[in-house]
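Remember, it's a predicted structure, so these values are computed and weren't measured experimentally. We use all heavy atoms of the structure for the numbers below, so side chains are in, but hydrogens, waters and symmetry mates are not.
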Amino acid sequence: LFRQRDERTFVSKPPRKQRQTSEVQLAKQERFLEAVDYAKEVLEDPSLKAEYEAAAKAKTRKVSAYALAVGDFLAPPTIHHIKTDGYKGVVGDKIKIRATDIFKVTKVEVRIQKADGSPLEAGSATLSGAHWIYTATAANPSLSGTKIIVQAYDLPENTTQKEFIL
């Protein structure tokens, strides 16, 4: 195939036939467009823009606030671990959660279910240093089979859930 550009002739391969876009590809394209819209909204909000710019500058690999916002939208938070050493079923016991995100985790919610699946308690954890701490509000006399369900949220409201059975 011969092409001409600025009075010069180039030889190139013929264009490949375009394949039909799959449902999965369309869904990913739509998600990316939503991420771009989110990043534009972030840059229009002065306080959010400043937060993302500060976080972008602190990254080892330099990125723009826009790229960080797009990445934040596309990537949900990660729950690394749920430490239940301090939970013995007594009111006031602590459950320690390590959750991170590309930008920041905005909230962590904890639900505790009895072995039969019935709810025992639920509430929000509080950030303390690098960990989120949940303080038990209800007594749980039988720990065996108790399920602890943790959900972490980031700024664009992505969520991740992790369960731990005692």
Asker: In the structure I gave you, are the side-chain heavy atoms of I95 and I112 within less than 4.5 Å of one another anywhere?
Answerer: yes
Asker: Under 3.5 Å, side-chain donor or acceptor atoms of residues 134-142 against the rest of the protein: list the pairs with distances, not counting sequence neighbours.
Answerer:
residue, atom, partner, partner atom, Å
Y134, OH, E121, OE1, 2.5
T135, OG1, K94, NZ, 2.9
T137, OG1, E121, OE1, 2.9
N140, ND2, Y87, OH, 3.3
N140, ND2, T146, OG1, 3.1

Asker: Any chance you could lay out the side chain to side chain contact (heavy atoms under 4.5 Å, CB included) test for V105 and W132, step after step, and finish with the verdict?
Answerer: CA-CA 10 Å; V105 175; W132 292 82; 3.8 Å; yes
Asker: Kindly give the cluster partners of I133, where membership spreads through any ILVMFWY side chain lying under 4.5 Å from a current member.
Answerer: none
Asker: List the atom of P46, the atom of E44, and the distance in Å for their closest heavy-atom pair.
Answerer: CD-O, 3.4 Å
Asker: Could you state the interatomic distance from CG (L127) to CD1 (I97), rounded to the nearest 0.5 Å?
Answerer: 11.0 Å
Asker: Testing the basics here: between A56 and A65, what is the closest heavy-atom pair and its distance to 0.1 Å?
Answerer: CB-N, 3.9 Å
Asker: Could I get the full list of side chain to side chain contact (heavy atoms under 4.5 Å, CB included) partners for E23, not counting sequence neighbours?
Answerer: none
Asker: For K104, enumerate each residue passing the salt bridge (charged side-chain N to carboxylate O under 4.0 Å, His left out) test, keeping only those at least two apart in sequence or located in another chain.
Answerer: E51
Asker: Which hydrophobic side chains are connected to V24, either touching it within the sub-4.5 Å cutoff or through other members that do?
Answerer: none
Asker: Side-chain contact test, heavy atoms from C-beta onward, threshold under 4.5 Å: evaluate it for L166 versus I148 and give yes or no.
Answerer: yes
Asker: Are any of the side-chain heavy atoms of Q29 and R31 separated by less than 4.5 Å?
Answerer: no
Asker: In chain order, what residues pass the side chain to side chain donor-acceptor pair (under 3.5 Å) check against D45, with sequence neighbours excluded?
Answerer: S47
Asker: Check whether any side-chain heavy atom of F103 sits under 4.5 Å from a side-chain heavy atom of D154, and report yes or no.
Answerer: no
Asker: Could I get the full list of side chain to side chain donor-acceptor pair (under 3.5 Å) partners for S128, not counting sequence neighbours?
Answerer: none
Asker: For K162, does the NZ atom have more than 12 heavy-atom neighbours from other residues, nucleotides or ligands under 6.0 Å away?
Answerer: yes
Asker: Is I149 linked to I165 within one hydrophobic cluster, defined over Ile, Leu, Val, Met, Phe, Trp and Tyr using a side-chain heavy-atom separation of less than 4.5 Å?
Answerer: no
Asker: Atom CZ in R98, atom NE2 in H131: separation rounded to 0.5 Å?
Answerer: 6.0 Å
Asker: Should V110 and V90 be counted in the same cluster of Ile, Leu, Val, Met, Phe, Trp and Tyr side chains packed under 4.5 Å apart?
Answerer: no
Asker: Go through the structure and list residues passing side chain to side chain donor-acceptor pair (under 3.5 Å) with E157, not counting sequence neighbours.
Answerer: none
Asker: What pairs with K147 under salt bridge (charged side-chain N to carboxylate O under 4.0 Å, His left out), at least two apart in sequence or on another chain?
Answerer: E163
Asker: Side-chain atoms of residues 68-86: list all donor-acceptor pairs with protein atoms under 3.5 Å, sequence neighbours left out, distances to 0.1 Å.
Answerer:
residue, atom, partner, partner atom, Å
D72, OD2, Y52, OH, 2.6
H80, NE2, T100, OG1, 2.5

Asker: Which residue pairs pass the ring pair (Phe, Tyr, Trp, His ring centres under 6.0 Å) test with at least one member in residues 146-166, sequence neighbours excluded?
Answerer: none
Asker: What's in the same ILVMFWY side-chain cluster as L26, cut-off under 4.5 Å, chained through other members?
Answerer: none
Asker: Between L43 and Y38, is a side chain to side chain contact (heavy atoms under 4.5 Å, CB included) present by the stated rule, with each step listed?
Answerer: CA-CA 9 Å; L43 295 181; Y38 173 77; over 6 Å; no
Asker: Under a 4.0 Å threshold between the charged nitrogen and the carboxylate oxygen, would E109 count as salt-bridged to R111?
Answerer: no
